[in-house]
Chemist: 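Can you read through this structure? Questions will come right after.
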Amino acid sequence: MLNIENYEAMAKLKLPDNEREWINIRADMLISSFAELEKINTDDVNPMVTVLDLQNILREDITVKMLSREEILSNAPEQYAPEQYDGYFQVPRTLE
Amino acid sequence: MDCFITDYKTGAALNSGCVVLEDSIMQKGRLTTAGSKILENFISPFDATVVSRLIANGKKILGKTKLNEFGIGRVSQDRPDDISGAVTAVADGVAETGLCNDFSGTVRRQAAEHGLCYIHPTYGTVSRYGLIPAISSMDQIGVVCRDLAAGFDILSVIAGSDPNDGAMYPDKVYSYSAASAAAGKNLKLGVPRNVLDLADEAGKSAVMEFAKQFDTAEECELKYFCVYSQVMYILGCAEISNNINRYDGIKFGYRTNNYKTLNDLYLNTRTEAFGLDTKLAAVMGSMVLSQEQYTPYYEKAMKIRRLIKESLEFDKYDIIVLPSGMKGDPYKQNALYALATLAGLPSVSMPYHGGGIHLIANVKNENALYTAWEVTKQ
């Protein structure tokens with residue numbers, strides 16, 4: 001059975017036991033089905049990242065304003081002293 | 001509501017021009033939740049490009065409709081898919097058309113089951129700017145509609161290159177038209193025998209009856225059909241797990257009240273807010289992208305994706321015809337819709353002869369699908 005706790009941590013999740021059990025069972029089923037891939041010869045085949053045959057899509061190096069500071073902060077769960085400062089996202093302390 | 005609902009059974013114009021948007025498409029000043037608690041309070045700061053184009057063309061947007069969380073199709077029989085809100089709205093005559101992002105095939109299948117059509121356009125023809133991303137290499141906004149004329153009318157409004165979406169063909173405008181039914185009978189159909197053998201009886205009958213309408217319908221084979229679901233799921237989970245990394249409770253969306261440290265905030269926000277299928281996709285995505293599993297799963301799936309696209313015989317056939325339903329669990333059923341999604345091809349699902357059919361054409365050949373529908377109207 002897959003040890004999903006490693007991958008759970010990578011996905012930044014902390015699953016309750018009942019959900020971990022449900023996911024374990026489904027993950028096992030899915031991984032069993034993935035065994036079919038081994039039967040297909042992919043020697044000398046390049047991976048396909050995108051179906052589009054496009055290269056280096058660039059735009060002019062010109063500053064374009066998309067959203068205002070107010071619009072960006074409008075959905076913030078918590079802001080830091082918005083009356084005093086221009087506006088910052090507030091997060092828990094990260095340094096001791 | 002400023003749209004007048006008429007009785008669709010009489011054939012009268014039903015809410016002409018009214019469109020509903022799946023709630024993964026942003027409309028300025030309105031909630032856009034993508035069906036997830038993590039975005040339960042997210043108010044869009046801008047319109048998606050498709051919304052701007054609908055408004056500029058005088059189309060009335062009625063509102064938002066529900067979807068599976070992030071559009072993720074369910075793979076387990078104990079958790080069947082919810083019915084798409086857009087399918088319900090169009091089926092009930094509330095709206096004439098609905099826009100959805102249907103990478104999983106859920107909406108295509110449900111549309112046919114409810115007597116509706118779904119147009120899944122060529123990948124790269126409709127802007128994804130303002131669409132909540134799920135699988136970036138497969139996301140494509142399509143149209144659920146009662147008839148394809150209305151659906152292609154809306155598609156011609158929203159399709160076309162957009163400087164805000166770098167993964168698009170350069171064509172600024174697409175116009176869709178159907179040839180006459182008489183000319184349409186010359187379309188060459190490929191009917192994959194290896195898929196038809198797995199179809200349910202209604203689907204098999206629908207495909208055979210449909211093929212009889214055309215002068216040339218030959219048996220063919222979809223060579224890698226047996227691994228479509230697996231390739232779709234591996235690549236899908238990898239990209240979904242990457243795209244949902246942005247939901248951390250910091251800049252927008254749901255934030256847990258239960259935290260002391262930054263790591264607690266991340267873990268508890270995401271654990272409390274994501275649904276079970278999203279968590280499964282996140283865990284599987286992390287697994288297939290991990291160092292030891294990347295080569296046998298993710299890289300292998302990307303290689304098979306190329307083989308799938310290169311194995312298609314659009315030099316011999318104009319349209320590949322599949323049933324819209326198959327025997328087996330939801331995970332296996334997803335294979336019917338995976339081809340168009342994986343290869344970025346246009347497809348249409350529609351009800352036919354008591355069942356449903358799913359038609360796939362080559363890149364930017366939506367007109368072949370439109371013409372095939374004209375033939376069925378005879």
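All chains are named by letter (A, B, ...) in the order of the sequence lines, taking the proteins before the strands, and each is independently numbered beginning at 1. Everything numeric in this text was worked out from a predicted model, so none of it was measured.
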Chemist: Does any heavy atom of chain B fall under 4.5 Å from the side chain of F89(A), the backbone, both, or neither of them?
Modeler: side chain
Chemist: Can you tell me how far apart NZ (K279(B)) and CZ (R20(A)) are? Round to the nearest 0.5 Å.
Modeler: 11.0 Å
Chemist: To the nearest 0.5 Å, how far apart are CG in L13(A) and OG in S286(B)?
Modeler: 7.5 Å
Chemist: Between F46(B), Y266(B), Y233(B), which shows the greatest number of heavy-atom pairs under 4.5 Å with chain A?
Modeler: Y233(B)
Chemist: Examine whether an atom of S241(B) lies under 4.5 Å from a heavy atom of chain A, and if so say whether it belongs to the side chain, the backbone or both; otherwise answer neither.
Modeler: neither
Chemist: With a 4.5 angstrom heavy-atom cut-off, could you sort out which part of D248(B) is near chain A: side chain, backbone, both or neither?
Modeler: neither
Chemist: For V49(A), is it the side chain, the backbone, both, or neither that has a heavy atom closer than 4.5 Å to a heavy atom of chain B?
Modeler: both
Chemist: Measure the CG-CE distance between L30(A) and M284(B) for me, rounded to the nearest 0.5 Å.
Modeler: 5.0 Å
Chemist: Counting heavy-atom pairs closer than 4.5 Å to chain B, which one of L15(A), I72(A), T50(A) comes out on top?
Modeler: L15(A)
Chemist: With a 4.5 Å cut-off on side-chain heavy atoms, are M168(B) and L54(A) touching?
Modeler: no
Chemist: As a quick check of understanding, evaluate side-chain contact (heavy atoms from CB on, under 4.5 Å) for F34(A) and V227(B), giving each step before the final call.
Modeler: CA-CA 8 Å; F34(A) 296 167; V227(B) 292; over 6 Å; no
Chemist: Heavy-atom cut-off 4.5 Å, strictly under: side chain, backbone, both or neither for L265(B) against chain A?
Modeler: side chain
Chemist: Under 4.5 Å between any side-chain heavy atoms of V283(B) and M10(A), yes or no?
Modeler: no
Chemist: Within this structure, what is the CG-CD1 distance for the pair L307(B) and I40(A), rounded to the nearest 0.5 Å?
Modeler: 7.5 Å
Chemist: Walk me through it: do N41(B) and N75(A) pass the test side-chain contact (heavy atoms from CB on, under 4.5 Å)?
Modeler: CA-CA 8 Å; N41(B) 56 1; N75(A) 281 298; 5.7 Å; no
Chemist: Can you tell me which of V288(B), D264(B), T271(B), N268(B) forms the most heavy-atom pairs within a distance under 4.5 Å of chain A?
Modeler: T271(B)
Chemist: Heavy atoms only: give me the nearest G253(B)-P77(A) pair and the separation to one decimal.
Modeler: O-CG, 3.6 Å
Chemist: Can you find a side-chain donor-acceptor pair between N263(B) and K12(A) that sits under 3.5 Å?
Modeler: yes
Chemist: Can E71(A) and K28(B) be said to form a salt bridge (charged side-chain N to carboxylate O under 4.0 Å, His left out), step by step?
Modeler: CA-CA 11 Å; E71(A) 282 169 324; K28(B) 185 170 180 169; 3.7 Å; yes
Chemist: Between E310(B), R306(B), Q230(B), R270(B), which has the largest tally of heavy atom pairs under 4.5 Å with chain A?
Modeler: R306(B)
Chemist: Heavy-atom pairs under 4.5 Å with chain A: which of K309(B), M138(B), E299(B) has the most?
Modeler: K309(B)
Chemist: Report, as yes or no, whether the 6.0 Å neighbourhood of atom CD on E70(A) holds more than 12 heavy atoms from other residues, nucleotides or ligands.
Modeler: no
Chemist: Evaluate the side-chain proximity of I234(B) to L37(A): yes if any heavy-atom separation is below 4.5 Å, no if none is.
Modeler: yes
Chemist: Check each atom of L67(A) against the heavy atoms of chain B and say whether the ones under 4.5 Å are side chain, backbone, both or neither.
Modeler: side chain
Chemist: Picking from E19(A), M29(A), R59(A), which has the most non-hydrogen pairs under 4.5 angstrom with chain B?
Modeler: E19(A)
Chemist: For A343(B), is it the side chain, the backbone, both or neither that has a heavy atom under 4.5 Å from a heavy atom of chain A?
Modeler: backbone
Chemist: Which atoms of F274(B) are under 4.5 Å from chain A, going by heavy atoms: the side chain, the backbone, both sets, or neither?
Modeler: side chain
Chemist: Pick from L280(B), L276(B), D277(B): which one makes a side chain to side chain contact (heavy atoms under 4.5 Å, CB included) with R26(A)?
Modeler: L280(B)
Chemist: With a 4.5 angstrom heavy-atom cut-off, could you sort out which part of I244(B) is near chain A: side chain, backbone, both or neither?
Modeler: neither
Chemist: Checking heavy atoms, do the side chain of N41(A), its backbone, both or neither come under 4.5 Å from chain B?
Modeler: backbone
Chemist: Count the heavy-atom pairs under 4.5 Å between each of V64(A), L52(A), D53(A), L73(A) and chain B, then report the option with the highest count.
Modeler: L52(A)
Chemist: Hey, could you give me the NZ/SG distance between K39(A) and C226(B), rounded to the nearest 0.5 Å?
Modeler: 7.5 Å
Chemist: What distance do E36(A) atom CD and Y228(B) atom OH have between them, rounded to the nearest 0.5 Å?
Modeler: 14.0 Å
Chemist: Look at atom NZ of K364(B) and say whether more than 12 heavy atoms of other residues, nucleotides or ligands are closer to it than 6.0 Å.
Modeler: yes
Chemist: With a 4.5 angstrom heavy-atom cut-off, which part of Y224(B) approaches chain A: side chain, backbone, both or neither?
Modeler: side chain
Chemist: Considering only heavy atoms from C-beta outward, does the side chain of Y7(A) approach that of Q293(B) to under 4.5 Å?
Modeler: yes
Chemist: Decide yes or no for L262(B) and P92(A): does some side-chain heavy atom of the first lie under 4.5 Å from some side-chain heavy atom of the second?
Modeler: yes
Chemist: Could you tell me whether E21(A) atom CD has more than 12 heavy atoms of other residues or ligands within 6.0 Å of it?
Modeler: no
Chemist: Out of T42(A), N6(A), I57(A), return the one with the most heavy atom pairs under 4.5 angstrom to chain B.
Modeler: T42(A)
